[in-house]
Amino acid sequence: FQLLKDSTITMKNGTLRGGVSGVKMIIQNYADLTLEGMTLDAAGSVNAACEALSVNNGDVVIKGNTQLLAGDVAFDLFYWPEGNYDSLSVTFDETFTGKVVGEIGYSCYSASAADMPANASLEINGNGTFDVTFNTKIWDSAAEVEGEDITANGGNFDFVLPEEYLGAGNSLYTDGEGGYAVAPANEAPEGMNKVAVTVNGKGYSSIAAALEATEGEVEIKLYDDLFEDVVIPEGRVVTLDLAGFTITNVSDHTIVNYGNLTIKDSSEQKSGVVDNITHARAAVYNEVGGMFVLDGARLARSLENGASS
């Protein structure tokens, strides 16, 4: 189906499936389109590369128990001003409880890459399931689209979302078994904890949890600000990347190091901090035998109120 520009179309409560080998996509969209309770199933198509939905123009709203299923690309946003298609958006609204399986593409030709984020947006709301990967590669280049307008205010995922995709006021939560959900900050879904750090793409609620789940040398990257009294055990080699976030103690030294610890900050602004807000406690307390390297990060005692005599 090719849905043309300047049309307004609603599809409800039906199923469209990919069929013969020549079918490259079930719907190619240039219209204002609403999908509600629809299944676009490209997963069983003879053409394994068949897309469920390709969006080149118009505003697409996806509602209810809609399913976008594919063995390759589930749907893509392709910004194409060269074809006189000025803007596009895909919004999963608050009623969305369906499922998306496959790749989500966000792409354009290189000549349009700088303008795409201002003219192409993806917003995820609701409580649907996303077994997906994101691909932001520019169509005719090895580079990626920079500053992509992708916002998640809800949804369930099987991977750690890039933190820049989280909508304002939201956090990512983990069930500890590889499942993740986006929900308002400080409103954890039942049985889930906020993702505070990541190791090799897996999210954990604390540095302690990450250390317990790993062995040997490890790099732990902050995903959010964190309140924790951290202990680096003897024999562990740990690189802690603040990534622009802050670790604040609860009641003791913020970090007690018995091992080999390097603290760095990979953020462009170098705004990461290890902070301590308790009297007579340190941001980092290096025990005898511990090795500590501070590599471009910052230690602080933000509530320090001592005075020189």
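Sequential numbering from 1 along the given sequence is applied to the chain's residues.
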(message) Please tell me whether Tyr165 and Val90 are part of a single hydrophobic cluster in this structure, the criterion being side-chain heavy atoms less than 4.5 Å apart.
(response) yes
(request) Verify, without hydrogens or angle tests, whether Arg236 (side chain) and Glu217 (backbone) share a donor-acceptor contact under 3.5 angstrom. (result) no
(request) Could you list all the side-chain hydrogen bond (donor to acceptor under 3.5 Å, both in side chains) pairs where at least one residue sits in residues 237-249, not counting sequence neighbours? (result) Asp241-Ser266, Asn249-Thr278
(message) If you count every heavy atom of other residues, nucleotides or ligands that lies below 6.0 Å from Gln2 atom CD, does the total exceed 12?
(response) yes
(message) Is there a path of hydrophobic side-chain contacts, each under 4.5 Å between heavy atoms, that joins Ile255 and Val238?
(response) yes
(request) Apply side-chain contact (heavy atoms from CB on, under 4.5 Å) to Leu122 and Phe134, showing your working. (result) CA-CA 11 Å; Leu122 168 62; Phe134 287 97; 4.0 Å; yes
(message) I'd like to know if the side chain of Glu103 reaches the main chain of Asn135, judged simply by a donor and an acceptor atom lying under 3.5 Å from each other, with no hydrogens or angles considered.
(response) no
(message) Does this structure show an ion pair linking Arg281 with Asp252, if we count only N-O contacts that are shorter than 4.0 Å?
(response) yes
(message) Nearest 0.5 Å, please: how far is CG in Leu35 from CG in Leu33?
(response) 4.0 Å
(message) As an exercise, state the distance from CG of Leu53 to CG of Asp76, rounded to the nearest 0.5 Å.
(response) 7.5 Å
(request) Look at atom CD of Glu287 and say whether more than 12 heavy atoms of other residues, nucleotides or ligands are closer to it than 6.0 Å. (result) yes
(message) So Asn127 and Asn156, do their side chains get closer than 4.5 Å, heavy atoms only?
(response) yes
(request) Locate the shortest heavy-atom distance separating Ala213 from Tyr204; write the atom from each residue and the value. (result) CB-CE2, 3.5 Å
(message) Take a 6.0 Å sphere around CD of Glu215 and say whether it holds more than 12 heavy atoms from other residues, nucleotides or ligands.
(response) no
(request) Taking Asp72 for its side chain and Gly102 for its backbone only, find out whether a donor-acceptor pair lies under 3.5 Å. (result) no
(message) Within the structure provided, determine whether Pro233 and Leu211 are in side-chain contact (heavy-atom separation under 4.5 Å).
(response) yes
(request) Please round to the nearest 0.5 Å and tell me the distance separating atom CG of Leu40 and atom CG of Leu68. (result) 5.5 Å
(message) If you define the side chain from C-beta out and look only at heavy atoms, does anything of Val100 sit under 4.5 Å from Ile62?
(response) no
(request) Could I get the full list of side-chain contact (heavy atoms from CB on, under 4.5 Å) partners for Thr39, not counting sequence neighbours? (result) Thr15, Asp41, Gln67, Leu69
(request) State plainly whether one hydrophobic cluster holds both Ile207 and Val256, where clusters connect Ile, Leu, Val, Met, Phe, Trp and Tyr through side-chain heavy atoms under 4.5 angstrom apart. (result) no
(message) I'd like to know if Ile26 and Val73 are part of one continuous hydrophobic network [Ile/Leu/Val/Met/Phe/Trp/Tyr, side-chain heavy atoms within less than 4.5 Å].
(response) no
(request) Check whether any side-chain heavy atom of Phe157 lies under 4.5 Å from a side-chain heavy atom of Ile124, and answer yes or no. (result) yes
(message) Applying side-chain contact (heavy atoms from CB on, under 4.5 Å), can you list everything that pairs with Glu144, at least two apart in sequence or on another chain?
(response) Thr136, Lys137
(message) Determine whether a donor-acceptor pair (N or O, by modelled atom type, separation under 3.5 Å) exists between the side chain of Glu36 and the backbone of Thr10.
(response) no
(request) Supply the atom-to-atom distance Thr8 OG1 to Leu3 CG, rounded to the nearest 0.5 angstrom. (result) 11.0 Å
(request) May I ask you to decide if Ala143's main-chain N or O and Ser141's side chain share a donor-acceptor pair within less than 3.5 Å? (result) yes
(message) Measuring from atom OG1 of Thr91 to atom CZ of Phe96, what distance do you get when rounded to the nearest 0.5 angstrom?
(response) 12.0 Å
(request) Please tell me if the side chains of Asp229 and Val250 come closer than 4.5 Å, counting only heavy atoms from C-beta onward. (result) yes
(message) Just checking Phe92 against Phe75, ring centres under 6.0 Å apart?
(response) yes
(request) Not counting sequence neighbours, which residues clear side-chain contact (heavy atoms from CB on, under 4.5 Å) with Ser171? List them please. (result) Tyr173, Ala185, Lys194, Asp224
(message) If I compare all heavy atoms of Ala210 with all of Val197, which pair ends up nearest, and what's the gap?
(response) CB-CG2, 4.0 Å
(message) Just so I know, are the side chains of Glu123 and Ser89 near enough to count as touching, which here means a heavy-atom distance under 4.5 Å?
(response) no
(message) Test of understanding: clusters of I, L, V, M, F, W, Y form through side-chain heavy atoms closer than 4.5 Å, transitively. Do Ile277 and Tyr285 belong to the same one?
(response) no
(request) Kindly give the cluster partners of Trp139, where membership spreads through any ILVMFWY side chain lying under 4.5 Å from a current member. (result) Tyr30, Phe78, Trp80, Tyr85, Tyr109
(request) Please report the closest heavy-atom contact between Leu16 and Met11, naming both atoms and the distance. (result) CD1-SD, 4.3 Å
(request) Identify the two heavy atoms, one from Lys5 and one from Asn57, that lie closest to each other, and give their separation to 0.1 Å. (result) CG-ND2, 3.6 Å
(request) Answer whether the closest heavy-atom distance between the side chains of Glu163 and Phe245 falls below 4.5 Å. (result) yes
(request) Using a 4.5 Å cut-off on heavy atoms from C-beta on, say whether the side chain of Val274 contacts that of Leu242. (result) yes
(request) Look at atom CD of Glu268 and say whether more than 12 heavy atoms of other residues, nucleotides or ligands are closer to it than 6.0 Å. (result) no
(message) Testing the basics here: between Ala300 and Asp275, what is the closest heavy-atom pair and its distance to 0.1 Å?
(response) O-OD1, 3.1 Å
(message) Between Lys270 and Asp265 (side chain of the first, backbone of the second, donor and acceptor by atom type, cut-off under 3.5 Å), is there such a pair?
(response) yes
(request) For Leu77 and Ser121, work out which heavy atoms get closest and say how close. (result) CD2-O, 3.3 Å
(request) Rounded to the nearest 0.5 Å, what's the gap from CE on Met291 to CD1 on Ile232? Could you check? (result) 14.5 Å
(message) Per the side-chain hydrogen bond (donor to acceptor under 3.5 Å, both in side chains) rule, what does the pair list look like for residues 175-190, sequence neighbours excluded?
(response) none
(request) List the steps and the verdict of salt bridge (Lys or Arg N to Asp or Glu O under 4.0 Å) for Asp93 and Lys63. (result) CA-CA 6 Å; Asp93 79 0; Lys63 305 165 69 74; 2.8 Å; yes
